[in-house]
Student: 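Attaching a single structure in structure tokens format; questions to follow.
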There are 2 protein chains.
Amino acid sequence: MQPLAGAGSERPATLADVAAATGLATSTVSRALSNPGRVNALTRERIELAARELNYIPNAQARALTSGRTRAIAVLVSDVTNPFYFGIIRGTQQQLKAAGYTQILVDTEESDELEDGMLHKLRRSFDGAILAASRLTDRRLTALAAEVPLVAINRQTRGVPSVFIDTPNGIEQAMGHLVSLGHTDIAYVSGPETSWPNEGRWRAMVKAAQRYDIEVRRLGPFAPRQYAGAAAADAILHAGVTACVAFNDLLAIGMLARFRERGVDVPGDVSIVGCDDIFGADFCNPPLTTLTAPIEQAGRTAVSMLLTHLDGARVGVRQTATLPTHLTVRDSTGPAPSSPPQKGRA
Amino acid sequence: MQPLAGAGSERPATLADVAAATGLATSTVSRALSNPGRVNALTRERIELAARELNYIPNAQARALTSGRTRAIAVLVSDVTNPFYFGIIRGTQQQLKAAGYTQILVDTEESDELEDGMLHKLRRSFDGAILAASRLTDRRLTALAAEVPLVAINRQTRGVPSVFIDTPNGIEQAMGHLVSLGHTDIAYVSGPETSWPNEGRWRAMVKAAQRYDIEVRRLGPFAPRQYAGAAAADAILHAGVTACVAFNDLLAIGMLARFRERGVDVPGDVSIVGCDDIFGADFCNPPLTTLTAPIEQAGRTAVSMLLTHLDGARVGVRQTATLPTHLTVRDSTGPAPSSPPQKGRA
DNA sequence: TTGAAAGCGCTAACAT
DNA sequence: ATGTTAGCGCTTTCAA
């Protein structure tokens, strides 16, 4: 617990108050507090004591004004209610707090204009930003990166440091899993076209299809939300495939509900694989086979990269960190219908 | 899209630049931009034009330094990964953005010390704070409320404006529902003892039990997390009750998993009611009967109250807003075991 | 209606 | 090692 508001002093103490109390100059006090070591050990102790007694708390605004650094980092997500970001936010929060930074959360609501505007207008209010799902064009992103230090998650653009969650690689594993189960006609349930990872996931499907010599098709695009699952499920049924990989778990969970509603059995009639392994993927019905992503880790890594960047060290800083995903098989995937247990499929 | 960084000017434009460009004094420019109406309409237009051309963006730090207002609001949650807060955060975000405020998200990790420290140390970095789940003592909360404008959610303490989600009332409805289903021995699965709403929920159960003249008991406390559901489920089984109301959905969902694991049928063997209706409550297995809370609304209301407070109007400001909840019946509740369909129970 | 001038609290040269 | 002195960009009296 903090001491109850500094004994009698209503106006918060300033550097000048501490200086007056110790008989030193404000500059000395400033140094002692933010640059210990450049000041006599003894006087520093006197200063620290006085500061504590006066319940002195540096004014972040004033400090930011002169130093140009706010010790705040913005984290931009495209939709705060998407559970995928909870993990990111948790990860960034942990790491930022450990480094003494404040987290400013911004919801860009899937809008590139809002994202751009926020970054531009608030760029002097934070020392850097983490873009958890940028919807910006490469051009704007590059321009912005010149204005404010940036780290993007799941978005690779030349000149912008990033953390990449390797879901495409996971998708190849998932395809192998589905093929081994006898599926030969698989669909990709596409997310928004402005989503960068969406393309990579589709390309991974095509690549895997070639390797296994099977059919894949692309359905959508669909909003990366639960409600869009209904339309996606209907599209799957209409397409007549036996399995699909959905852009993300949110969509997959929405599909599950629709299939249930329509009396379609999962995985009996159709198998579903999601992406991310968000909250809920383990307890939905049936539990979802998905590509588990190290989400919190991604947030932590992004912050580390950003802070390293801020602390000058531009040398030897990795520009892209790649994080692996793995296939987590649950109950939403099973043998292809009318395909008895396979024995020695070429 | 923003204009690409102000034509050639590397250093961001300041008020002085706009003043120079228009041949006016900085004070006039300042007024024109933040206090239009106190300046000649024509000169104001000239100023606004110049400001736009120079791509002038006010420096929030400098502004905060003189005005003492940061136009930032802190939102403190006890655990960012708890889906209950997603809704709160979404609600606050919407409302804050609409009012031109920035949201600072702080995760207090269920720690009163962290909560206290953050509020105290950062109190000059924001104009007010919303406590989504304060773990502070009444004493500290009151002390802090004197330092910085506060609005608490689900926490009533004299002198601190608050938004109250009336889950206790919902619990009485839930009890009615369970009683009508033939349950006569019901347990409350308690949340953390430091949680303020936890007590109110238990009291509501006792009250309802008296009304219906049945037994209730209290189990726990348990952490308000999914993992704690296993222990809670076991406790329920050991207690031998036929139904329970859990502190929150997270716990209830965790219990569902454990019951499944132990081969206990829900609602055949035991009925479960959750609280909040968080993300996942509708698609878990079985879908959870729960008390639907207007979570986003709570966030929005909290912000409105806070901003009203900030804008001076201390007169006639409601100190507590109460938001109703309602019972959403899904599949996790059913008739009490060995109790045939009731006919005309008093 | 507009301008001049004095800070807000702090940092960072530059001096001592 | 410490003190002096300018500001940072803006708001805000107080005068004109």
Student: Which of these nucleotides, C:dT2, D:dC10, C:dT11, is closest to any side-chain atom of B:Thr14?
Tutor: D:dC10
Student: What are the two closest non-hydrogen atoms of B:Asp107 and B:Ser78, and how far apart are they?
Tutor: OD1-O, 3.3 Å
Student: On DNA chain C, compare the nucleotides closest to A:Gln61 and A:Asn35; which residue's is nearer the 5' end?
Tutor: A:Gln61
Student: If I take atom CD1 in residue B:Ile47 and atom P in nucleotide C:dG3, what distance separates them, rounded to the nearest angstrom?
Tutor: 8 Å
Student: Out of D:dG3, D:dC10, C:dG3, which nucleotide sits closest to the side chain of B:Leu15?
Tutor: D:dC10
Student: Could you check which of C:dT2, C:dG3, D:dT11 has an atom nearest any side-chain atom of B:Arg63?
Tutor: D:dT11
Student: Can you check the B:Arg44 CZ to C:dT1 C1' distance for me, whole Å?
Tutor: 13 Å
Student: Quick check for you: among C:dT11, D:dG3, D:dC10, whose closest atom lies nearest to any side-chain atom of A:Ser27?
Tutor: D:dG3
Student: Heavy atoms from C-beta onward define the side chain here; which of C:dT11, D:dT11, D:dC14 lies closest to that of B:Thr66?
Tutor: D:dT11
Student: Can you figure out which of D:dT11, C:dT1, D:dG9 approaches the side chain of B:Asn59 most closely?
Tutor: D:dG9
Student: Could you check how far CZ of A:Arg124 sits from C1' of D:dG9, rounded to whole Å?
Tutor: 9 Å
Student: If you measure from the Lys or Arg side-chain nitrogens to the Asp or Glu carboxylate oxygens, is any gap between B:Glu147 and B:Arg123 under 4.0 Å?
Tutor: yes
Student: Ignoring the backbone of A:Ala25, work out which of D:dT2, D:dG3, D:dC8 is nearest its side chain.
Tutor: D:dG3
Student: Select one nucleotide: of C:dT11, D:dG3, D:dG9, the one nearest the side-chain heavy atoms of A:Ser34.
Tutor: C:dT11
Student: Nearest to the side chain of B:Arg31, heavy atoms from C-beta on, is which of C:dG3, D:dT11, C:dC14?
Tutor: C:dG3
